[in-house]
Structure formats: C-alpha cells, structure tokens
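One structure is given here, and the rest of the page talks about it.
Atom set for the values below is all heavy atoms of this structure, side chains included, hydrogens, waters and symmetry mates excluded. Keep in mind the model is a prediction, meaning the values are calculated, not measured. Protein chains get the first letters and strands the later ones, always in sequence-line order, with residue 1 at the start of each.
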Amino acid sequence: MSAHAVYDALHAAYGPQHWWPGDTPFEVMVGAVLTQNTGWVNVERAIDNLKANGALDPYTILDVDPQQLAGWLKPSGYFNVKAQRLRNLCRWYLAHGGHEGLSEWDTTRLREGLLSVNGVGKETADDILLYAFARPVFVVDAYTRRIFSRLGLVAPEIDYESLRGWFETELGTVDGATRVFNEYHALIVNHGKDVCRPKPRCAECCLKRRCAGFT
DNA sequence: ACCCAGGGTCATA
DNA sequence: TATGACCATGGG
C-alpha cells in the first residue's frame with residue numbers, strides 16, 4: 001500500500017477537512033503552540049480568551065503581564081510554559097517583519113528561523129510552515145508515526161526528518177503538493193483521534209472503522 | 001479511576 | 001545519542 005492509496009482511503013472515508021481551524025496566519029501560529037500535546041477543544045477556549053481580551057496579536061501578547069497571559073491560556077494546559085513560548089515566538093515574528101517580512105524568506109530559512117525559537121520544535125514549525133505560510137512541508141505527528149508503522153509502511157522508531165522525507169518523496173513536490181499535504185495531515189489527525197490510540201484494543205485498531213480502504 | 005491529547009526542553013549518563 | 005522528568009487542563 002502506497003502513501004497515495006492511504007490518502008485516497010482516508011479522503012474517501014472522512015472527506016475534505018478544511019484545515020487549519022483559524023482565521024488568520026497569526027492565529028494559526030498561536031494555535032500551533034497551544035496544541036502541543038493538548039486536545040484542540042482546550043486550545044479553542046484559550047484562543048477565545050485571547051480574542052475576548054483583544055489579545056490575539058503579537059504586540060499585545062508581548063505587552064501584557066506574562067501572568068495575565070498565562071491566565072488566559074489556562075484551559076490549554078502547560079499555561080506557564082506556553083505563555084513563555086508564545087512570547088518567544090512573537091518576539092522573533094516581529095523582529096523579522098511579521099507575516100509580510102517572513103513571507104519573503106525561502107522555506108529552508110523560514111524553517112530554521114522557526115526552529116531557533118525556544119518552544120518551537122519540528123512539528124510546531126512545520127504546522128506553521130504549511131498552514132500559516134502555505135509552504136509544501138509535510139507535518140509529522142504522533143498519529144502519523146503510529147498509523148503508518150502499524151500499516152507496516154515505515155519502521156515504528158523512524159525519526160521525524162526521515163518520516164517527513166518519506167512522505168515528501170512518495171507524494172512528490174510537484175505543484176499541488178501544499179494542498180495535498182494540508183489535507184493529508186488533517187485526515188491523519190482525524191483518523192488518529194478516531195481509532196489510533198497508543199494502546200490499541202486490537203491488533204488492527206488503526207485500520208478499521210470508517211476507513212474502507214483499510215479493511 | 002484511568003487514559004489521552006494535533007510536543008518540547010532540559011538535565012543527566 | 002538517548003532516556004526520563006517535567007509541564008497541566010479537560011474530554012471520554
């Protein structure tokens with residue numbers, strides 16, 4: 001089974017996902033940090049708090065008392081850590097001209113820049129690259145490794161960059177790649193939430209429900 | 001009560 | 001390079 005075939009099966013089962021949930025590129029960046037090891041429902045509450053207080057912009061986030069910021073982030077968990085991480089990201093973001101300035105950077109430079117921010121790791125950086133800057137970067141998360149290793153397509157212990165490379169090679173970096181990567185990662189998360197837990201109830205728990213191509 | 005979440009950093013060996 | 005501790009709220 002190829003990466004293409006899995007994509008087709010997921011797309012047939014779940015349909016278009018319309019990701020990322022968020023109205024602006026900056027909101028996507030904030031969400032990418034807040035969703036680290038955290039359910040999206042909790043992230044939405046935190047983002048709503050920021051919106052309700054007129055704080056969903058980098059200037060305000062840097063201006064307000066860090067404790068105040070942490071208070072708004074509380075529902076998303078790790079609120080002290082995430083308040084600091086958001087501040088780090090905003091400082092870097094504004095220092096390089098915000099979305100307008102950073103849009104002129106090539107993808108490699110932009111990725112390294114994001115990774116230089118304390119609190120932004122590979123997945124968070126790639127979320128931002130793909131969903132805030134529309135770059136053709138495949139996002140790998142825990143579900144991705146779990147699903148594709150259980151399918152027998154990759155080794156369970158494959159590292160992040162190798163797995164990202166596997167997808168980007170399999171799917172090709174021709175035009176339309178950004179659209180496909182966008183949809184694919186969203187489908188993987190959706191399917192993962194559905195049936196691919198760390199401790200499967202049965203040997204084939206990733207491959208069954210609601211995914212005709214996997215049965 | 002238990003497991004889990006759209007991770008990442010830091011200290012230690 | 002590779003583990004382990006730590007961060008913390010809320011859903012199922």
Side-chain angles (χ1 to χ4, degrees), chain A residues 6-7 10 14 16-23 25 27-50 66-92 111-133 135 137-150 155-164 167 180-202 205-206 209-210:
Chain A
V6 176
Y7 178 88
L10 289 172
Y14 297 100
Q17 300 299 303
H18 308 298
W19 266 28
W20 182 286
D23 301 328
E27 184 174 342
V28 172
M29 296 176 64
V30 170
V33 170
L34 296 187
T35 199
Q36 290 170 354
N37 203 40
T38 301
W40 184 255
V41 187
N42 289 355
V43 176
E44 279 188 317
R45 292 198 173 104
I47 290 180
D48 285 346
N49 286 341
L50 294 177
Q67 263 190 27
Q68 169 76 276
L69 179 59
W72 292 332
L73 301 184
K74 207 161 198 174
S76 72
Y78 304 145
F79 47 83
N80 289 311
V81 172
K82 284 173 178 175
Q84 184 59 57
R85 289 180 181 177
L86 273 189
R87 291 170 55 79
N88 295 343
L89 182 57
C90 287
R91 198 175 307 114
W92 174 84
R111 188 168 198 264
E112 285 172 358
L114 286 163
L115 289 173
S116 76
V117 177
N118 188 299
V120 176
K122 288 170 181 156
E123 185 187 339
T124 305
D126 291 343
D127 276 334
I128 292 170
L129 286 166
L130 179 60
Y131 292 103
F133 289 91
R135 305 303 173 91
V137 174
F138 196 93
V139 179
V140 170
D141 67 345
Y143 290 132
T144 310
R145 187 173 290 97
R146 214 179 284 154
I147 292 170
F148 285 80
S149 64
R150 287 183 191 174
E157 64 277 6
I158 187 171
D159 64 274
Y160 187 99
E161 298 296 353
S162 300
L163 188 48
R164 181 167 72 90
F167 278 102
V180 173
F181 293 173
N182 179 318
E183 194 65 28
Y184 208 157
H185 176 63
L187 287 166
I188 286 169
V189 172
N190 198 26
H191 183 64
K193 281 199 276 204
D194 190 358
V195 295
C196 200
R197 319 316 279 194
K199 298 181 179 177
R201 293 169 166 240
C202 63
C205 259
C206 273
R209 281 165 47 193
R210 300 187 52 191

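Using a 4.0 Å heavy-atom cutoff across all strands shown, A:Asn118 reaches sugar-phosphate atoms only and no base atom. A:Arg45 comes within contact range of the sugar-phosphate backbone alone, with a heavy-atom separation under 4.0 Å but no base atom that close. Within the 4.0 angstrom heavy-atom criterion, base atoms lie near A:Asn42.
Contacts between residues 69-81 of chain A and DNA chain C, defined by a heavy-atom separation below 4.0 Å, involve A:Lys74, A:Pro75, A:Gly77, A:Tyr78, A:Phe79, A:Asn80, A:Val81, listed by number. Only A:Asn37, listed by number, bring a heavy atom of residues 31-39 of chain A to less than 4.0 angstrom from any atom of DNA chain C.
In this structure, the side chains of A:Val43 and A:Thr38 come closer than 4.5 Å at one or more pairs of heavy atoms.
Closest approach of A:Tyr160 to A:Phe138, counting heavy atoms only: OH-O, 4.2 Å. Nearest heavy-atom pair across A:Ser149 and A:Pro156 is CB-CA, 3.6 Å. Of all heavy-atom pairs spanning A:Pro198 and A:Arg150, the tightest one is O-NH2, 2.9 Å.
Partners of A:Glu161 by salt bridge (charged side-chain N to carboxylate O under 4.0 Å, His left out), not counting sequence neighbours, listed by chain and number: A:Arg111, A:Arg164.
For the pairing with A:Gln36, the side chain to side chain donor-acceptor pair (under 3.5 Å) check across A:Glu123, A:Arg85, A:Lys82 returns one residue only, A:Arg85.
Between A:Val117 and A:Pro21, the residue anchored closer to the 5' end of DNA chain B is A:Pro21, taking for each the nucleotide with the nearest heavy atom. Closest-nucleotide positions on DNA chain B for A:Val120 and A:Trp19 were compared, and the one nearer the 5' end corresponds to A:Trp19.
For the residue pair A:His191/A:Tyr143, the side-chain donor-acceptor check at 3.5 Å is not satisfied. With no hydrogens or angles considered, no side-chain donor-acceptor pair links A:Gln84 and A:Asn80 at under 3.5 Å.
Spacing between B:dG8 and C:dG10 at atom P, rounded to whole Å, works out to 22 Å.
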